[in-house]
Amino acid sequence: MWPLGALSEPQLRVFVVPHSHMDVGWLHTVQESMQVYVTNVYNSVVEELTLEKKRRFIVVEQEYFRLWWDGVTSDTQKGQVHQLVAEGRLEFVLGGQVMHDEAVTHFDDQILQLTEGHGFLYETFGVRPQFSWQVDPFGASSTTPTLFALAGFNAHVISRIDYNLKEAMQDTRELQFVWRGSRSLSAQQEIFTHVLDQFSYCSEGFNWDGEAIFPGTSPNDMYLQMQIPVTKDNIQIFTSLLVRSVLTRATWFRTPHVLWPWGCDRQFFNASLQFANMDIIMDYINSEASELSLSVEYATLGDYFRAVHSDQVSWQVRDHRDFLPYSSDMHHAWTGFYASRSGLKGLARRASSLLYAGESMFTRYVLSAPHRFLDPAWGLQQLQQLRWAVSEVQHHDAITGTHVPRVGDMFVEHLSTGMEGVHKLMASIIQDRSPAHSGPEPGGHFAVVYNPLAWTVTTIITLTVGFPNVSITDESGHPVLAQVQPSKEMPSAYDLYVLTTIPGLSYRHYSIRPRRSSQEKTGEPEPFVAKTMQFGGRLRRSARQVGGSLVPVNNDCYIVFLDLDTNLMHSVWERQSNRKVYMTQQFMEYHTNSDVRKGPVSDNYVFTPSGAAEPAWEAVRMEIVEGPLVTEIRQYFHRKVNDSEPTFTIYSRLARSPQGSDGELLCHRIEQEYRVGPLELNREAILRTSTKLNTGRVLHSDNNGYQVQRRPYRDYKSNTIARNYYPMVQSAFIQSRHSRLVLLSEQAHGVSSQGNGQVEVMLHRRLWNNDEWALHDGLTLNDSSVVHPVLWLLLGSRALTSGLRQRSRLALQHRPVVMLRQLSEIVPRGSGSRWQEAVTLPSRVHLQILSIPGWKYSSNHTEHLRTLQKDRKHEPKADLRRVLLRLQHLYEVDQDPVLSRPVTVNLRSVLGGLGSVVSVEERSLTGTWDVNEMRRWTWSTRDPHHHRGPGSLVLIWPRVPSQTPALPLRPV
Ligand SMILES: [Zn+2]
């Protein structure tokens, strides 16, 4: 520790860390970026580092690095990179495919994208990244430090946090602290965290290569941004600029080490110019080191943190609170992107869920039995393609919706291609297991339904059929409880609801046949045809007395009352606690300014409403479609009284399952699907749910589907509405003393509680303004699409809902996958049950992943390094017998007296059907460390209750099968 104001006493050590911030898609596609600058960055940096021993560089985004490594490098370059990495001069930091967004990404996907990059780095170089570099994401979540600790990182770097807070942390020299990101893991998985100071990751005035020239940009741009070369005449100017910046920064930190990131967006594509000029400045400063009382050196991030770590400082501890939302100044609250490009946010999550299902399906298929037609190597390739695409879209300009439309098309294309491949893989597995058997039966379908969760699930699946008279039977030939009704959006089609109960990681088979005539008596029960009740339009402005005439819609858990005077929801009675909660819902819009000369505007990033939200409709129509399985309430909101098409629709569904079936989760949810759009320009659409719960405007919302954060409403000098917006990745709730209303979502949205008892979800945004920078780059949000988000509403006591919330969110995230085939190929009866044994985990434990990663390296580190040294060119084959298993305890340590207790899991049951286990290893989060060999740095803190213990997120890495030990699992 060095005292303030004593700068001349100990010498300052300045760590100049060369880096290039390379967005994996923002204003340009990945391919354009590769062509225009990324390739040059790696080519020229490797050359410059090889020329001069003292130079350093940090490499961040693995998607780019891998494209370069696999597609561009020569053998000589590969050798040079191996050498530089071995000498610690070229350092991989973060090591994920991308620098993931922290607000709107799901933690499963964060882990995926890290695992992807880390697997490649370990396989290729035998190295494991130890430092993060999250310098551009728009706000910092507390999930990230926890995951990075579990992955074996020693320090974490963030930058974009609230401007007020950063200023205060600079003043009190608290930009560095030890972060205990998880309430449950606490000190066990704490990590040293460094917040970049107000200069962030760019070093203005020290970039000599100018702007990368993409087609269509003027060459003037390049030279305008280009620094003049350093000469004898101007060296003083550069030197004093650098020294001044160093001295300013040094006062904000507690050790005499200054992290001086050198670079910016798309820098170092001409590394020769960069280093040649900087060498001169640094040599000059070092020649005056004693007068200036500081020295400068090229450094990696590791060099800097090793120096900080060696200082005997006792650090401040931060608890599990996050740094969201992010405001960069008074007028810019970065809370708009929580809902920008809502369609892409939905697609990204659907792709992730499909991948999850495909992984376990493939693993159990490959390891369980001989495969007749399917080539496992091809199967793995399909999964790898989707892993890559899902990883890519986690980038902080991808799923955030902060890219230009052309780049959005690229993300969509990559996801769609990947999904198509995995669909093909799944179809091939089904085909392989149940080949065509008998003759054609025109018009019929054969449905295979796969439950990707490791519990038995009772739910309703929806099939769309072209005929109302159907007969549906299961794999034993028994008729199945079903309901048919006119499709909500396709006039000539019908929705067929089928009640299904599927054991964990198992399949059900259904045959759906048209009945030849409705009179034909087969003796079998037929699907019930639901009846529709229509309710005339109600005008918003002439809504009369409210609550005078109510229609109830009920199941065993809830009665939803609809008000016929308004056609809006009136209240919900929750049977278990016997409480009625007044609750109504409507669509509203925030209006935003479109002229930058008249004040701040909303854009892809920021949310700047002109005032409070206003109702976005004049009339609402209602239909109730009632059946024995599902009752659906359809509310159509018309923007104008005479609009023929509604702009907003809510389809609410209440399900009934027969007595005795395991339908607890199914009963305890009101499913709502919305149809929103197209919006008018400069509107930000929300669904506001207003209740009479006394919530004190306190909202709870999740970080990345992982932990819950408490969000009390705060008043600010400016931008109060926007600064009270938070991301909802998977769940949010409001509560009174007795009742809690939980919202579960299928994709990320913005969420806020602007009034007592209220919760609102931002569903869609459409914006256009005259900001020249945005127009020049085409970075606008004129999103005229129609989106179909889904929310599940859970209402009940705190105890009931905290028991249901976790499993329900997973039930929504990983709904059964339905694969339809023409009924020309029929499976033999009873074949389904013989397919594979079911897996049932304790209800507090979630199967986070079961996959075959396809790693090619030995799990013994020493052996792996030996192989790497011996023969770098040897390309080993993917190990298809090695399985990655992650289990998650679903409850926080103090959440519930019973549910939070440790659980013992019998691995034999999880790995059932995979053959015999040869060995089981507990590995770090991304699989690259044997946890027994992983030694993370410890930091002394000002917390007296400091303790350490073993990690608890268990990652097991079995080779195929012999004895399976039982592993204790602690809450995470
Ligand atoms: Zn960026």
Side-chain angles (χ1 to χ4, degrees), residues 17-34 36-38 41-42 57-65 67 92-105 109-110 113-114 117 131-141 144 156-161 195-196 198-204 207 211-212 214 225 261-269 301 323-328 332 334 336-338 340-341 344 348 391-408 410-411 603-606 727 773-774 777-779 781:
V17 177
H19 76 101
S20 181
H21 183 72
M22 306 197 278
D23 289 308
V24 184
W26 176 39
L27 303 178
H28 304 283
T29 64
V30 165
Q31 198 173 359
E32 290 163 355
S33 306
M34 282 300 292
V36 167
Y37 73 94
V38 175
V41 170
Y42 294 129
F57 196 77
I58 56 169
V59 176
V60 188
E61 299 82 4
Q62 287 308 305
E63 172 161 339
Y64 280 140
F65 184 82
L67 288 172
F92 296 104
V93 297
L94 181 59
Q97 289 288 92
V98 298
M99 186 184 295
H100 69 250
D101 164 70
E102 300 199 19
V104 295
T105 49
D109 300 326
Q110 298 180 358
Q113 79 91 12
L114 272 184
F131 309 97
S132 93
W133 187 250
Q134 290 288 98
V135 299
D136 203 27
F138 323 134
S141 148
T144 330
H156 177 35
V157 179
I158 59 176
S159 181
R160 293 186 183 270
I161 63 169
V195 185
L196 292 184
Q198 67 188 49
F199 297 111
S200 193
Y201 63 84
C202 285
S203 45
E204 232 172 279
N207 295 320
E211 273 292 315
F214 286 87
Q225 302 297 328
W262 175 35
C264 201
D265 292 16
R266 301 173 299 276
Q267 287 298 319
F268 282 88
F269 58 87
L301 205 51
F323 291 95
L324 289 163
Y326 162 58
S327 287
S328 50
H332 292 89
W334 295 47
F337 79 91
Y338 302 158
S340 296
R341 300 271 172 222
L344 177 67
S391 297
E392 177 184 84
V393 82
Q394 309 309 316
H395 164 55
H396 59 269
D397 287 313
I399 195 165
T400 48
T402 55
H403 47 264
V404 299
R406 215 161 37 80
V407 171
M410 175 199 74
F411 295 128
D603 63 20
N604 299 58
Y605 305 87
V606 302
W773 176 81
D777 286 309
L779 186 54
L781 195 61

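Just the heavy atoms: all of them, side chains too, but no hydrogens, waters or symmetry mates, feed the values below. Numbering of ligands and ligand atoms starts at 1, following listing order.
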* Counting backbone and side chain alike, does D265 bring an N/O/S atom below 2.8 Å of the Zn ion (ligand 1)? -> no

* Asked: What class does the angle between the rings of Y37 and F214 fall in, given that below 30° is parallel, 30 to 60° is tilted and above 60° is perpendicular?
  -> perpendicular

* Asked: Got a sec: is D23 within less than 2.8 Å of the Zn ion (ligand 1) via an N/O/S atom?
  -> yes

* Asked: Between W133 and F92, does the ring centre distance come in under 6.0 Å?
  -> no

* Asked: Less than 6.0 Å separating the ring centroids of F411 and H395?
  -> no

* In D136, the N, O or S atom nearest to the Zn ion (ligand 1) is which? -> OD2

* **Apex the Zn ion (ligand 1); atoms H396 NE2 and H21 NE2; angle rounded to 10 degrees** => 110°

* To do: Look at H395 and state whether any of its N, O or S atoms is less than 2.8 Å from the Zn ion (ligand 1).
  => no

* Asked: What is the distance from atom OG1 of T105 to atom CD of Q394, rounded to the nearest 0.5 Å?
  -> 6.0 Å

* **Heavy atoms from other residues, nucleotides or ligands near CD of Q198 exceed 12 (cutoff 6.0 Å)** => yes

